[in-house]
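Below is one structure, written out as structure tokens, with a few remarks after it.
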Amino acid sequence: MAQGANLTADELWAKLEAAKDSKSLLKKHLTKTLFDSNKDKVSKFKGTLADCMRSGCMNPDSGVGIYASDPDAYTTFAEVLDPVIKDYHKVDSLNHPKPDFGDVDNLGFGDLDPSGELIVSTRVRVGRSHASYGFPPVLTKEDRVEMERKTVAALETLKGELAGEYNPLTGMTADKQKQLTDDHFLFNDSDRFLREAGGYNDWPTGRGIFFSSNKKFLVWVNEEDHLRFISMQMGGNLGEVYTRLVKAIKALESSGLEFAKKDNLGYLTFCPSNLGTTLRASVHIKIPKLAAQPDFKEFCDKLNIQARGIHGEHTESVGGVYDISNKRRLGLTEIQALQEMRTGVEE
Ligand code: ARG
């Protein structure tokens, strides 16, 4: 249960104010004036500023510190969210281009590591939100169940290599859950940032994972976002992984689901860090010596890439293997976001 669930906007503000050392983007951009003029607003989905700021106030060590309560929060609380979005994605103004996945039949690259010595695995994901539902802080148990049902109906229309089976978390054996988590397929309920944002309310109801039969395409249902489409495989063949994902996105876009979008922000996601293309392309790569250099963080920042541990965000590296991905998702096209990651990994 989220500890801050019952705190009012003023109580949350007091916590943020007391957190003098917080380096979050919420702390940096939410002034008292902005707080006061926004704290009583309510979005079309009944989301409040308290819903958006709860996680960042309860976790002052957040990097971002704010989530959108629902798709309309990006309009209702634009004064608060826009500066955070610009800062995170390193853009001066909010103009997101139309989707452009590039020419997947002529990408001009395939395997980033033909030797097979450095790259352990490759993964590309995007997030999507159902246009007619809010995000975790405003969702009910019934909403989650309904969204799951609509999602599964769409997933059942997938054909060929993408066709597969949905596995709800409810009723899944502990053994199966552990195996899937160890193999980097499944998510769990251990992220304290997401928990405070309401991301684990009614856990595990309405959550699950869809697999294609070769397990190279999967869909997370009601993890952080309503939907996460994931393409992954062992080795470094980014071309294959990306092409599969693009096919899946196109197929699911024509399956009757309507996704939340906004002109200047692209696809809308729960966390402002994922807006725009929502695309995160990553490799698990063995770089023990490079990562031990004192300027490794600077090196990554310069290339707009991010290094994480291999068990997901906020985890440590194991044996010098790092998860390297593009950091920016907004203000560039899908193929450009992918190319930023490719350039960074090649470097
Ligand atoms: N809210 C967390 C923070 O501010 C996570 C932000 C980005 N990660 C994510 N999974 N949305 O540090």
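The structure displayed is predicted, hence computed values, not measured ones. Ligands are counted one by one from 1 in listed order, and the atoms in each one are counted from 1 as well.
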Handout entry: Salt-bridge criterion met for Arg195 and Asp191 (N-O under 4.0 Å)
Key = no
Handout entry: Axial cation check for Tyr267 ring with Arg128, 6.0 Å and 45° limits
Key = yes
Practice task
List in chain and number order the residues that pass salt bridge (Lys or Arg N to Asp or Glu O under 4.0 Å) with Asp36, two or more places apart in sequence or in another chain; answer none if no residue qualifies.
Solution key: Lys32
Problem - Pair Asp323 + Arg280: basic N to acidic O under 4.0 Å - result: yes
Give every pair formed by an N or O atom of ligand 1 and a protein N or O atom closer than 3.5 Å, one pair per line with both atom names and the distance to 0.1 Å, or write none.
from     : atom 1 : to     : atom 2 : distance (Å)
ligand 1 : 1 (N)  : Tyr67  : OH     : 2.9
ligand 1 : 4 (O)  : Gly63  : N      : 3.2
ligand 1 : 4 (O)  : Val64  : N      : 2.7
ligand 1 : 4 (O)  : Gly65  : N      : 2.9
ligand 1 : 8 (N)  : Glu313 : OE1    : 3.3
ligand 1 : 8 (N)  : Glu313 : OE2    : 2.6
ligand 1 : 10 (N) : Glu224 : OE1    : 2.9
ligand 1 : 10 (N) : Glu313 : OE1    : 2.8
ligand 1 : 11 (N) : Glu224 : OE1    : 3.4
ligand 1 : 11 (N) : Glu224 : OE2    : 2.8
ligand 1 : 12 (O) : Gly63  : N      : 2.8

Practice task
May I ask you to list the residues sharing a hydrophobic cluster with Val321, side-chain cutoff 4.5 Å, ordered by chain and number?
Solution key: Val120, Met234, Ile310, Val318
Problem - Under the side-chain contact (heavy atoms from CB on, under 4.5 Å) test, residues paired with Asp143 that sit two or more places apart - result: Tyr133, Leu139, Thr140
